[in-house]
Structures are given as C-alpha cells and as structure tokens.
**Student:** 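Just dropping this structure here.
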Amino acid sequence: STAAQSLPPDPELYCERGKLFLLFSTRDSGEQDFLEAVRISEGRCGEAILLLAVLREQSSKDHFVAEQLYTQAIELAEEPVRTLATFSRGVLRFKMRIFCGAICDFSSTIQAGDPGPLAHYNRGLCY
C-alpha cells in the first residue's frame with residue numbers, strides 16, 4: 001500500500017477516465033481529466049491534447065485554440081494519434097478556409113498510410 005501511494009499519478013489513466021466521462025455525456029468532467037493528464041505529463045500526453053482540441057472545436061469556443069492544440073498533439077503523439085490529429089486539423093483548417101494548410105494536412109495523412117478515401121476527397125475539395 002505504501003509503495004502504491006508513492007507512485008506518481010499516471011496521465012494515461014486520466015486520459016482513459018476522461019474518455020469514459022465523454023462516453024457517458026459528462027463533458028466537463030472529461031475535459032477536466034484531459035487537462036489533468038496534460039498537467040501531470042507536463043504537456044506530453046498527445047492523446048489528451050488531441051481530445052481537448054476536439055472538444056474545443058466541437059464547442060466552437062475558439063477554433064484557433066483548437067488548431068494550436070491539434071498542432072501540439074501532432075508534435076507529441078505517436079501513431080495512430082498523430083495521423084488522426086493531422087487529419088482533424090486539416091478538417092478544421094478547411095472549415096476556417098485555410099486551404100493551403102488543409103491540403104498539407106490531408107497530404108500528410110495520405111502519406112502516413114492508408115487513410116481511406118476521405119483524405120483524398122477532402123484534399124480534392126480544397127483544390
């Protein structure tokens with residue numbers, strides 16, 4: 001019991017609990033857990049950052065903040081989270097009418113592997 005108490009908190013556990021809160025429609029609690037995961041990991045929990053970006057975009061609080069969070073997730077996350085963050089940022093940039101940035105993001109998604117037809121379609125829309 002003493003050994004367990006001395007372990008530092010695990011940001012991944014907060015991230016997973018946040019996803020459960022979202023699943024059960026308790027958005028604010030989920031967002032708080034993602035923020036805690038980012039805090040504990042000193043900003044290195046790419047998945048939590050990605051999920052915060054999605055929440056910011058969905059709530060339309062600030063698309064520029066969401067874009068910055070997607071960029072941070074891309075820089076920090078490992079695959080497949082990185083590719084998902086890149087694709088999501090491309091969709092957001094398309095909505096923001098930043099077509100050159102969106103094209104770059106969709107192209108990066110396509111180069112990363114098998115994105116399916118949606119990345120190709122979205123890139124075509126940008127042109």
Side-chain angles (χ1 to χ4, degrees):
S1 160
T2 308
Q5 290 174 347
S6 66
L7 292 175
D10 184 357
E12 296 300 323
L13 292 177
Y14 280 97
C15 191
E16 293 302 316
R17 188 172 77 170
K19 288 190 262 184
L20 287 173
F21 279 128
L22 292 183
L23 185 65
F24 293 106
S25 299
T26 49
R27 178 189 172 95
D28 290 340
S29 296
E31 187 169 351
Q32 289 305 311
D33 276 349
F34 299 142
L35 287 168
E36 186 64 11
V38 172
R39 186 190 70 75
I40 290 170
S41 70
E42 298 176 347
R44 292 186 301 269
C45 188
E47 185 176 17
I49 295 167
L50 168 63
L51 293 168
L52 281 171
V54 170
L55 291 176
R56 291 286 191 277
E57 181 181 355
Q58 288 175 348
S59 69
S60 297
K61 287 181 181 175
D62 189 343
H63 284 153
F64 290 105
V65 170
E67 183 186 23
Q68 291 170 349
L69 287 167
Y70 282 131
T71 300
Q72 190 177 359
I74 292 164
E75 292 169 358
L76 298 172
E78 296 183 13
E79 293 299 342
V81 174
R82 180 182 305 127
T83 298
L84 179 59
T86 304
F87 180 81
S88 298
R89 186 179 69 182
V91 171
L92 177 62
R93 285 177 167 176
F94 179 80
K95 289 178 194 174
M96 295 170 68
R97 306 178 75 68
I98 305 172
F99 297 117
C100 288
I103 290 169
C104 289
D105 286 341
F106 295 133
S107 295
S108 294
T109 302
I110 292 165
Q111 291 171 358
D114 181 20
L118 198 51
H120 292 278
Y121 175 77
N122 287 347
R123 185 173 66 177
L125 287 177
C126 292
Y127 284 114

**Student:** Minimum heavy-atom separation for Ile74 and Ala85, please, with both atom names.
**Tutor:** CG1-CB, 3.7 Å

**Student:** Test your reading of the model: is there a side-chain donor-acceptor pair from Arg123 to the backbone of Ile103, 3.5 Å cut-off?
**Tutor:** no

**Student:** Closest approach of Ala66 and Leu92, non-hydrogen atoms and distance?
**Tutor:** CB-CD2, 3.8 Å

**Student:** Do you know the tightest heavy-atom contact between Ala37 and Cys45?
**Tutor:** O-CB, 4.0 Å

**Student:** Taking all non-hydrogen atoms of both residues into account, name the closest pair between Pro9 and Ile40 and its distance.
**Tutor:** O-CG2, 3.4 Å

**Student:** Could you point out which residue of Lys95, Arg93, Arg89 forms a salt bridge (Lys or Arg N to Asp or Glu O under 4.0 Å) with Glu57?
**Tutor:** Lys95

**Student:** I want to check something: taking the side chain as every heavy atom from C-beta on, are Tyr70 and Val54 in contact at a cut-off of under 4.5 Å?
**Tutor:** yes

**Student:** With a 4.5 Å heavy-atom cut-off, do Asp105 and Phe87 have their side chains touching?
**Tutor:** no

**Student:** Taking the side chain as everything from C-beta on, heavy atoms only, tell me whether Gln32 gets closer than 4.5 Å to Leu35.
**Tutor:** yes

**Student:** In sequence, state the C-alpha distance, the side-chain angles, and the governing distance for Phe106 and Leu118, and then conclude on side-chain contact (heavy atoms from CB on, under 4.5 Å).
**Tutor:** CA-CA 9 Å; Phe106 295 133; Leu118 198 51; over 6 Å; no

**Student:** Provide the closest heavy-atom pair for Gly46 versus Ala77 in the form atom of the first, atom of the second, distance.
**Tutor:** CA-CB, 3.9 Å

**Student:** Can you tell me if Glu79 has over 12 outside heavy atoms packed within less than 6.0 Å of its CD?
**Tutor:** yes

**Student:** How many angstroms lie between CG in Asp33 and NZ in Lys19, if you round to the nearest 0.5 Å?
**Tutor:** 12.0 Å

**Student:** Rounded at 0.5 Å granularity, tell me how far CG in Leu20 sits from OG in Ser29.
**Tutor:** 11.5 Å

**Student:** So, Arg27 side chain and Leu55 main chain: donor-acceptor pair closer than 3.5 Å or not?
**Tutor:** yes

**Student:** For the rings on Tyr14 and Phe34, is their centre-to-centre separation under 6.0 Å?
**Tutor:** no

**Student:** Ignoring hydrogens and geometry, is there a side-chain-to-backbone donor-acceptor pair from Thr86 to Thr109 under 3.5 Å?
**Tutor:** no

**Student:** Once you round to the nearest 0.5 Å, how far does SG of Cys104 lie from CD1 of Ile98?
**Tutor:** 11.5 Å

**Student:** Using side chain to side chain donor-acceptor pair (under 3.5 Å) as the criterion, point out the one residue from Glu67, His63, Glu31 that pairs with Arg56.
**Tutor:** Glu31

**Student:** To the nearest 0.5 Å, how far apart are CD1 in Ile49 and CG in Leu76?
**Tutor:** 5.0 Å

